[in-house]
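First comes the structure, then the notes that go with it.
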Amino acid sequence: MSDLHQLGPLISIQKGKPPKSFEANTANTQAYLSPEYLRGIAPPTFAERFPNSLMATCGDVVLLWDGSNAGEAFRAKPGIVASTMAVIRPDHSFDLGYFFHALKWVEPHLKSQTNGTGIPHVDRHVLEQVAVYLPAKLDQAKIAEVLDTLDVAIQGTEAVVAKLRAMKQGLLHDLLTRGIDANGDLRPPHPEAPHLYHQTPLGWLPKEWDALPLGDYTQHDITYGIVQAGPHIVGGIPYIRTGDMSGEALVRENMLCTSERIARSYRRSEVRAGELVIAIRATLGKVLPVPDDLDGANLTQGTARISPRANVNPTCLMWAIRHRRGQDAIMKEVKGSTFMEISLGSLRRVPIALPRSRQEQDDIAARLIGHDAAIAKEQALLDKLRLQKSGLMEDLLTGRVSVAPLL
């Protein structure tokens, strides 16, 4: 097994130069390698190449030298290296593919050791002092091959997840504006079939839909919860705060708990699995379902309980509240400009668009739940691939495990 080697004697570092100006894409200009372009989230801008321009080619490794994410490593594309970046070129000891993965492996360390009180930048000394495992070049190439294969799988799965999320936006628009007819098909949009729609306070809706006050869809009064929850009680009754609603789901592990005595004093705001919780302060209008493991939890004053009637599908109601129409209607009732909140009386009056038929509500919910399940499946695969890559990097880039059995 080879020893660890410090990068300093094995690499050269060249910083990019500011372009004189950005130009149109012509025969005389080159792509300007910004971080956004290399991340694949923005198209390239172009600049004229000058004698002092630092050029990168495929195979080069560039490092984000300045900025909030300084220390991030990229595979270069052909073009002009941005002034916030540097090309890091290894000597003949390295396979280029292996060198890229080795630099990605030490990326968290570089990011944690940046300098600068204003704009952070990579500490050159820290980079040069980094020690990396340096096996034979043939083994380096094999390690790079394994990690590149995982990268391709990760990128492909990321693309699938992104596509499914984009498709969901279109699906939501169609289901919550057109609905599903008796044949199980989406209704034609209003411009194509105006006779299928009627005018409501929320605009044009299918004739089988109503825009009723939110309170009309609930079997219990909409109410908020505990005024003073007291100190956290280990093993007590969890209570939901607006801060617990910042993500895509309510997670019990992160919640504070109150005593059973206090919780029992606020039975009216005790939530049940399948009900909805809505933020009436802070993350105003955000609505989430109550999961099974929070059955019997309570609320704070910043959140409110929505308990749908038997003829109302909770998932369909949740998405109707989340829809732009529902959110706009909520914002019209907001009181305060610096500290926004909505009173329970105003919330009960907010008009929400839903089909009258429970069957149509169920059909809409089923399609959305099915699509969410597809997203969750691909996201789980993506998480598994990322974890697998992290483990392989730990093993292969430290020499802990030989690459041979993996090929």
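Residue numbers count from 1 along this sequence. Bear in mind that the values here come from a model prediction, so they are computed numbers and not experimental data.
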For L317 and I306, the nearest pair of non-hydrogen atoms, with its separation, is CD2-CG2, 4.1 Å
State plainly whether the residues K332 and D328 are in salt-bridge range, i.e. N to O under 4.0 Å.
-> no
F46 ring center within less than 6.0 Å of F22 ring center = no
Answer yes if the ring centres of W65 and H121 are under 6.0 angstrom apart, and no otherwise.
-> no
Any donor-acceptor N or O pair under 3.5 Å, side chains T29, E48 = no
E394-W105 side chain donor-acceptor pair, cut-off 3.5 Å = no
Name all pairs fulfilling the salt bridge (charged side-chain N to carboxylate O under 4.0 Å, His left out) condition that reach into residues 230-258, sequence neighbours left out, sorted by first residue then second.
-> R241-D244
CD/E378 to CG/L385 distance, rounded to the nearest 0.5 angstrom?
-> 9.5 Å
Quick one: do S12 and R89 satisfy side-chain hydrogen bond (donor to acceptor under 3.5 Å, both in side chains)? Show the steps, please.
-> CA-CA 5 Å; S12 65; R89 290 192 172 102; 5.7 Å; no
Can we say K137 and D95 salt-bridge, meaning some charged N sits less than 4.0 Å from an Asp/Glu carboxylate O?
-> no
Nearest 0.5 Å, what's the CG-OH distance between D210 and Y217?
-> 6.0 Å
Separation between CD of E270 and NE2 of H220, rounded to the nearest 0.5 Å = 10.5 Å
Contact check, side chains of P238 and L294, non-hydrogen atoms, under 4.5 Å | yes
Q388 side chain near L392 side chain, heavy-atom distance below 4.5 Å = yes
Which class fits the ring pair H190 and W204: parallel under 30°, tilted 30 to 60°, perpendicular over 60°?
-> parallel
Report yes or no: do Q155 and D151 form a side-chain donor-acceptor pair below 3.5 Å?
-> no
Distance, nearest 0.5 Å, that separates CG of L214 from CZ of R348 | 10.0 Å
Shortest non-hydrogen contact between L63 and I88, atoms and distance = CB-CG1, 3.9 Å
Should R75 and D148 count as an ion pair when the cut-off is N to O under 4.0 Å?
-> yes
